[in-house]
Each structure stands twice: as structure tokens, then as C-alpha cells.
Amino acid sequence: GIGDVRHRLLRNLSKGYRQRVGLAQALIGHPQVVILDEPTVGLDPAQIIEIRQLVRELGHEHTVLFSSHILSEVNAVCDSILILSRGKLVASDTPENLEKLLGGAPPIRWLPRRAIEALLRQHPEWGAPTFSEHAGEEGVQVTLSGEGDPREALFYAFAQADMPIVEMRRVRASLEDVFLEL
């Protein structure tokens, strides 16, 4: 995607085009390993999407090492993730498995709190709830200490108690959560 600017000086190109030229230079010799350090920093959203797609395509023919502090970018393009802390490898796995690394059942966000507290007191088998307030919301996030996924049972329990559920969804741990925990 750099042919249309081939007659311009590199210093006169936008950040996005300079990134493309650098990537093209790195790929000229068809290397087995391509190392990209923060390849999307300073790019506009359209360019970020293009770079993500390019990195995925490169991964079919090359080993791509993608270094970034923008963990949403890492999550969007990487099949395997290595997390370093103070120069030491602290985790190495797929994004999905790293999200599970925090352990325990993921929290479920609920609305409204008063109804939840009353209902949970009636069902100790779901485990002790831990509540987290959410700024700007009328609700809470509840993490239950019991095993399994209680959402279906909770739905029916709320329906029997004539308490409509405004929102109930599983909240997945993000890569940022895993990184900060490690």
C-alpha cells in the first residue's frame, strides 16, 4: 500500500505511511521472524485496522513478534501472548487461557442491588456474594463463590420473585486485568 507515494521523501510522509515503508523494508528479504515494536502507535483508526490485518496476514508466513503496551491491540492480533514483568517471563499462553488465569468464576453484573441482596440471602448454595459498585450506574457487579454458572437458576429465581432483570451478563477478565494481576 505504498506505491502511490513512491516518489515522495520519507520525511514528508504521514506516520501511517512511514510505518508502512518501515514494514516493507523489513519484509524485503522474506525473513522468518518479523519483530514489530508498537506498530500502531500514532496511527488513525483506519490505519490501525489495516496494520492489524497485515499483522494477521504476516502470521501465516512469518513468525511475528508483536511488542506493545496497548493490550487491546495485542488481544486483537495475537494467537499467543508472553507477558514480561521486570525482565522475567511471568505468563505465556493464548489470550483465552490468560483471561482464565485469574481463577474463580468470572463476575456477573446485576441490576438493581437491593433485589439481588434479598434473593441471594434465600440461596446460600450459590456462595457468598462480593459486591462491586460501578460509577455512574445504578447497579452492582456480583462475584459468587459457588461453582458453575448460576445465571439460568438466577433468572428463574428472579422471575418467581417477580423481580425483572434489567441486565445480567458474564463479565470476562480482560488482558489488562491479567497483566495487572501478574
Side-chain angles (χ1 to χ4, degrees), residues 15-16 18-110 113 116 120 126-137 139-151 154 167-182:
K15 172 82 170 168
R18 282 182 287 181
Q19 291 282 71
R20 291 178 191 203
V21 170
L23 199 50
Q25 286 175 316
L27 295 173
I28 285 175
H30 299 289
Q32 291 181 355
V33 178
V34 178
I35 301 172
L36 302 175
D37 185 24
E38 306 278 357
T40 60
V41 170
L43 302 182
D44 67 45
Q47 293 169 328
I48 290 172
I49 291 168
E50 288 177 8
I51 293 292
R52 282 181 185 172
Q53 182 61 35
L54 180 59
V55 170
R56 281 189 217 99
E57 290 172 13
L58 288 173
H60 297 299
E61 297 179 28
H62 308 268
T63 298
V64 179
L65 298 178
F66 182 93
S67 172
S68 181
H69 291 93
I70 304 170
L71 299 180
S72 58
E73 285 297 313
V74 173
N75 204 28
V77 298
C78 296
D79 298 325
S80 180
I81 297 173
L82 305 173
I83 297 178
L84 303 174
S85 178
R86 296 182 172 94
K88 296 190 189 256
L89 180 66
V90 295
S92 172
D93 214 326
T94 65
E96 295 80 22
N97 286 340
L98 286 173
E99 289 170 0
K100 295 175 190 173
L101 188 67
L102 292 181
I108 300 170
R109 187 173 293 172
W110 304 81
R113 180 177 178 154
I116 297 159
L120 291 176
W126 292 331
T130 303
F131 292 94
S132 304
E133 299 292 337
H134 285 278
E137 293 185 23
V140 295
Q141 181 170 294
V142 180
T143 303
L144 299 172
S145 61
E147 292 294 318
D149 185 351
R151 289 180 295 175
L154 288 166
E167 176 182 357
M168 180 171 63
R169 64 183 165 95
R170 184 169 296 280
V171 180
R172 295 180 59 198
S174 70
L175 198 51
E176 283 87 355
D177 295 331
V178 174
F179 181 83
L180 291 173
E181 182 70 22
L182 292 172

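Excluded from the calculations below are hydrogen atoms, water molecules and symmetry mates; all remaining heavy atoms, backbone and side chain alike, are included. In what follows, residues are counted from 1 in the order of the sequence shown. What you see is a predicted model, and the numbers here were worked out from it, not measured in a lab.
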Result block: side-chain N/O donor-acceptor pairs under 3.5 angstrom for residues 25-47, not counting sequence neighbours:
from  : atom 1 : to    : atom 2 : distance (Å)
Asp37 : OD1    : Ser67 : OG     : 3.4
Glu38 : OE1    : Ser68 : OG     : 3.4
Glu38 : OE2    : His69 : N      : 3.1
Glu38 : OE2    : His69 : ND1    : 2.8
Asp44 : OD1    : Ala46 : N      : 3.0
Asp44 : OD1    : Gln47 : N      : 2.8
Gln47 : OE1    : Asp44 : N      : 3.0

With Arg52 via side chain to side chain donor-acceptor pair (under 3.5 Å) - residues at least two apart: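 Once residues adjacent in sequence are excluded, the partners of Arg52 under the side chain to side chain donor-acceptor pair (under 3.5 Å) criterion are Glu73.
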Residues which pass side chain to side chain donor-acceptor pair (under 3.5 Å) with Asp93, listed by chain and number, not counting sequence neighbours: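 With sequence neighbours excluded, Asp93 shows a side chain to side chain donor-acceptor pair (under 3.5 Å) to Asn97, given in chain and number order.
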Separation of Lys88 NZ from Leu182 CG (nearest 0.5 Å):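 Here the interatomic distance stands at 15.0 Å.
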Leu98 side, atom CG; Leu71 side, atom CG - distance, nearest 0.5 Å: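 One finds 10.5 Å between CG of Leu98 and CG of Leu71.
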Partner set under salt bridge (Lys or Arg N to Asp or Glu O under 4.0 Å) for Arg56, not counting sequence neighbours: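 Arg56 satisfies salt bridge (Lys or Arg N to Asp or Glu O under 4.0 Å) with no other residue.
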Side chain to side chain, Leu54 and Leu58, heavy atoms closer than 4.5 Å: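 Leu54 vs Leu58: side chains touch.
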Could you list the donor-acceptor pairs under 3.5 angstrom formed by side chains in residues 78-86, with sequence neighbours left out?
none

